[in-house]
Each structure stands twice: as C-alpha cells, then as structure tokens.
Amino acid sequence: MYVARSPRIAARMLGEEMLVMSGHDSTLFTLNPTATILWQAADGATPLDEIVERRICTEFEVKPEDAMRDAEELAENLAKHGILLISEQPIVKPDAPVRGQR
Amino acid sequence: MSALLREMGERALRLGVPFSAQLDLTYRCNEQCVHCYLDHDDHGEMTTAEIKNLLKEMAEAGVFILTFSGGEIFLRKDFFEILECARSLTFCIKLKTNAVLIREAQAARLRDLGVQSVQISIYSHRPEVHDAITKVKGSLRRSIDAIRFLKSQGLKVIMANVLMAGNMQDYHGVRALAEELGAEYTLDPTITPMMDGDRSILDLNAGESALRELFRDEMFVGNAEEFCAPPPPPDAESLSSLPCSAGHTACYISPYGEFYPCVQFPLSCGNVRQQRFIDIWRDSEQLKEVRSIRLKDLSGCSQCAHGSTCTRCPGLAFMEGNMRGPSTADCEKSFARTGIPSVNLLAKKEKAAPPRLVQIQLVPAITGNRLSGMSAVA
Ligand code: SF4
Ligand code: SF4
C-alpha cells in the first residue's frame, strides 16, 4: 500500500501534535506523534510497510506486525476524511491539485 | 468555532504561537465603498518574492489560519501564484473579497487550491442600495454570480453584511439571500475610522435606536432577554482576562509589510521587510505592551458594569487615543444592548453637559479671591 498526503490539506505542528484540517469538509483533527510520523512520511512513493519499518518501529517499542496493522487502520481512517490518499500503486505527483475528490 | 479549534487557540496562546494572521495583499480596490477606512493608492506593495518569503516565515513561525484580504485581492496579478505558494505551505486559507472578479474559472481554481472559505461583502439584497454603497453599478449582480460559481464548486461562502444607517433596514433581506444561495451569513454593525485617523465616516454608523432594535431581534441574537440582560459585575477571573486575540495569537500584515496586532489595531510593531516575522512576533516592544494588558488595567473599563460582557476592541480604543481606555463604539453597543450607560458614556455626558454653577465662577471677579478655587466646578 502507498500513502500520500492529500494536496488540499491544511496542516501545522502545534507543540507535540500535528493539526490537520480536511480540505473536503473542513473537519479539524489532531494527529498524535505516531500518526504525525506516518503523515509526514506519506510521499506517495514509499510503501507503507517501509514507512512503518523505518520510521515507526525505530521510534516506538512496538512489534512490526502490530505497528503495520495499526498503520493500515490509521491510513484508512485518514483517507476516509480526505487527509491521505491510499493506493496499491505509487501515487505520482501527490502535491498536484486533485480534482473530483470531494 | 469548534471546540477543538478553541482548544488549539488556547494551546497556541500557552506556546506563544501566532496561530492566525491576516495578510492584506493590496489596498487597491475596484469598489469605492462609502464606509471604507483605507487609502486605495499603492504606496509600494510587497513584491511577489517578498510575499512568498513572508509566507515561508509565517509557516515556520506556526501560523495555521491565514486570511488574504485587501483592498481587493483579485486585483493582484500574482494572486494565484501567491495562493499556490500558501497552499504548498499547508496553511488553512481564508479569503475576503468583494468577488466582483470571480467567474467560473477562478472559482474552480480556488477549489483546486483547497481554500477553506471565501468571505464576501454584501450590503443589501437590493442593487440600488448595495451598488450605492460600493459606488459600482452592477456590483451586487457580479458578487451574487460569484457566490453561485463558488457554491457550485462546493466552497464555503460567508456573506459579510456591514450595517450602517443606509442599509440597516435590509439585513433580513441579505440573510434570506444568503440562505437562498447556500452561504453563511454574518453581520457587523461597526464602522472603523480611516487609517489616517479621520473619524468622519463614523457618521455613517447605524445609530443607537437601530442597534437597540437589532439586539432585540431573536433571529440574530437568540434569546433576546438573555442577550440584553444587565451584565453580572466583573469577577476576579474576568478582571484578569485578555481583551482579545490581537497580538496574543493573531496578527495583521499590511501590503507594505507593516506588522500590527490586528487589522483594526494600527499600532505598528515592525516591518517584515526589515525584520523576520518571528523576530517581530517575539521581540516587539509594542506587542509586549499589548500582551501585558488585562481588564483590571483599563482606565474606566475596570470600573464599568459592562466589564465582564463588553466586546471592547482595544484597536478601536487605540484609535480613540488610548489602548488602555474604553472604545466608545463598544460602549454604545453595550448601552444599546442593556440600556445601562457605561462609565465612559457617563463621563462623556458629564463633560458635554453645559457648565453648572456658572454664576459662582463669576464670583471671584466680583468679590476678589475668596472663591478662586471654584473655576473647576463647571
Ligand atoms: S462599555 Fe465601554 S467603558 Fe464599559 S467596559 Fe465596554 S468599552 Fe469599557
Ligand atoms: S477586538 Fe478589535 S483588536 Fe481585538 S481582534 Fe477584534 S477587531 Fe482586532
């Protein structure tokens, strides 16, 4: 699975947490440190399992299978709110505005 | 405002982060509104490169909500280039515009760039009233067309209705129009003095009886009895509260790079052409002074019955001559709401009253120095 930050998102670190506003319904979220790492690493080109292995398992004491399951769940959740794009293929040019994703 | 946004604002305050900022891109305008406080000539606006650099500095400083306003923002030829830069820096972008220049193509582009909301000034649902205020024939029709284009792109549109004597009777019509167009509606009965200090446009204000009526209109204020109830006396908590977000979590930058606590608070704190945004935010002596003020420090207001509920604007107070003093526009609103005159209004009334005991003033001249101290009686 590949993940990319949605191009129409507002986001800013505020203290320890990432504040994210969904472009499609203006819902506001805060991401905890794990979700923040995932969101920041979501470049559309790095597979999710690689992000989990390199960025999450090295940072937190967690079993890789558990971390992967949580990451997939989180990615799907964020995708539901239009914050992340997910695909089985690398996501090309994730930062170009995407039409029709309302 | 959502509870989470409020919580984030409080966290920003604790962390000393400029959570929101308004950047006016130009003071030039294609409308000539009768109540406008701006000088529309271009006195050397920031260049595209300067603005992009500023946006980078603002993002680094933690600005999340960024409002582009003016003047009319669409008069800048580089407007979409600036917007693209802001989008790449992941701001929550809001726009304020008269929308006269927004057609289908611009609306689609705004949507693609993830603009969070577009606030559009509408003064009346009747062209003869709206166009008389903007002094541009056909401007209401153009703005309404723009709202339709924006709504068809799924964008959030807010119709902002500034109220003054000339359009006071139309706010129900504007609200109905907003509903019909699927826009949100907000009204503001405050006219701001000109930036050069000229207060003559305040004559356009709606006046006390119109305000009184507005504050009893349950469509706008909810429970009128509650809204207009006499205020509770200020307690220790309200006496130590902050006046507003200006300079605490919010700031304003003019098209010339001047840094102020708020668009309605023209106390210059520095210029982003000479200093980094974050350095002004952290180190400006003026901002430190603004941040130090609490209700208990205010002359008049700290003794006023309205202290705990008043919407006192420190910027308007500053324009009246003292940022630690009352704002007469807010005293008038507090009075229209509750019927209780503020400390400031009472003092003004006292001052304006014809001198009493005038005959006693004359006495010293007649009787020598016996009553010489009485000249202060009047
Ligand atoms: S009503 Fe006037 S004097 Fe009273 S608190 Fe408000 S601004 Fe100050
Ligand atoms: S009260 Fe006045 S100075 Fe404070 S944020 Fe509102 S307009 Fe600005």
Side-chain angles (χ1 to χ4, degrees), chain A residues 3-46 51 55 74-75 77-86 91-102, chain B residues 1-21 55-56 58-67 80 83-95 105 107-118 151-158 184 249:
Chain A
V3 287
R5 292 181 296 275
S6 173
R8 297 193 299 135
I9 287 301
R12 197 66 76 230
M13 283 304 287
L14 187 58
E16 299 289 286
E17 286 183 335
M18 171 76 80
L19 189 57
V20 178
M21 189 179 273
S22 150
H24 76 180
D25 58 5
S26 296
T27 322
L28 194 63
F29 301 90
T30 51
L31 305 184
N32 66 20
T34 329
T36 301
I37 290 175
L38 174 70
W39 194 83
Q40 283 173 329
D43 58 5
T46 316
I51 295 175
R55 304 289 308 276
L74 177 67
N77 235 324
L78 294 178
K80 243 187 258 162
H81 292 289
I83 287 173
L84 270 190
L85 308 174
I86 51 179
I91 302 167
V92 194
K93 282 184 78 187
D95 286 338
V98 177
R99 303 255 353 226
Q101 58 166 22
R102 228 178 317 154
Chain B
M1 191 196 282
S2 77
L4 184 57
L5 198 56
R6 194 171 312 119
E7 192 189 318
M8 291 303 115
E10 281 161 17
R11 184 184 298 177
L13 181 65
R14 281 197 304 278
L15 296 170
V17 170
F19 192 61
S20 65
L55 294 180
K56 226 171 111 226
M58 288 166 115
E60 281 163 10
V63 173
F64 179 59
I65 299 170
L66 174 64
T67 303
F80 278 107
L83 206 53
E84 271 165 20
C85 174
R87 165 49 51 242
S88 71
L89 292 164
T90 67
F91 288 104
C92 168
I93 304 167
K94 301 183 177 198
L95 307 181
R109 207 140 171 226
L110 294 181
R111 184 197 165 271
D112 285 348
L113 287 165
V115 166
Q116 199 264 338
S117 65
V118 184
K151 287 308 299 177
S152 72
Q153 292 294 332
L155 281 155
K156 174 170 158 183
V157 177
I158 302 158
E184 290 181 17
T249 56

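Each chain gets a letter, A, B and so on, in the order its sequence line appears, and its residues count up from 1.
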message: What's the separation between atom CG in Leu5(B) and atom CE in Met21(A), rounded to the nearest 0.5 Å?
response: 6.0 Å
task: Could you tell me which non-hydrogen atom of Leu28(A) sits nearest to which non-hydrogen atom of Ser2(B), and how far apart they are?
output: CD2-OG, 4.4 Å
- prompt: Looking at Gln116(B), Lys156(B), Arg11(B), which one has more heavy-atom pairs under 4.5 Å with chain A than the rest?
  reply: Arg11(B)
task: State whether the side chain of Arg8(A) and the backbone N or O of Val115(B) hold a donor-acceptor pair below 3.5 Å, judged by distance alone.
output: no
task: Measure the spacing between CD of Glu60(B) and CE of Met13(A) and express it to the nearest 0.5 Å.
output: 14.5 Å
query: By a 4.5 Å heavy-atom criterion (distance strictly below it), what part of Ala59(B) contacts chain A: side chain, backbone, both, or neither?
result: both
query: Can you name the salt bridge (charged side-chain N to carboxylate O under 4.0 Å, His left out) partners of Arg109(B), sequence neighbours left out?
result: Glu84(B)
- prompt: Going through the distances and angles, do Thr90(B) and Ile9(A) end up as a side-chain contact (heavy atoms from CB on, under 4.5 Å)?
  reply: CA-CA 6 Å; Thr90(B) 67; Ile9(A) 287 301; 5.8 Å; no
- prompt: Taking only residues two or more places apart in sequence or in another chain, which ones pass ring-ring contact (aromatic ring centres under 6.0 Å, His included) with Phe64(B)?
  reply: Phe19(B)
field: Closest non-hydrogen atom pair, Leu14(A) against Met8(B)
entry: CD2-O, 3.5 Å
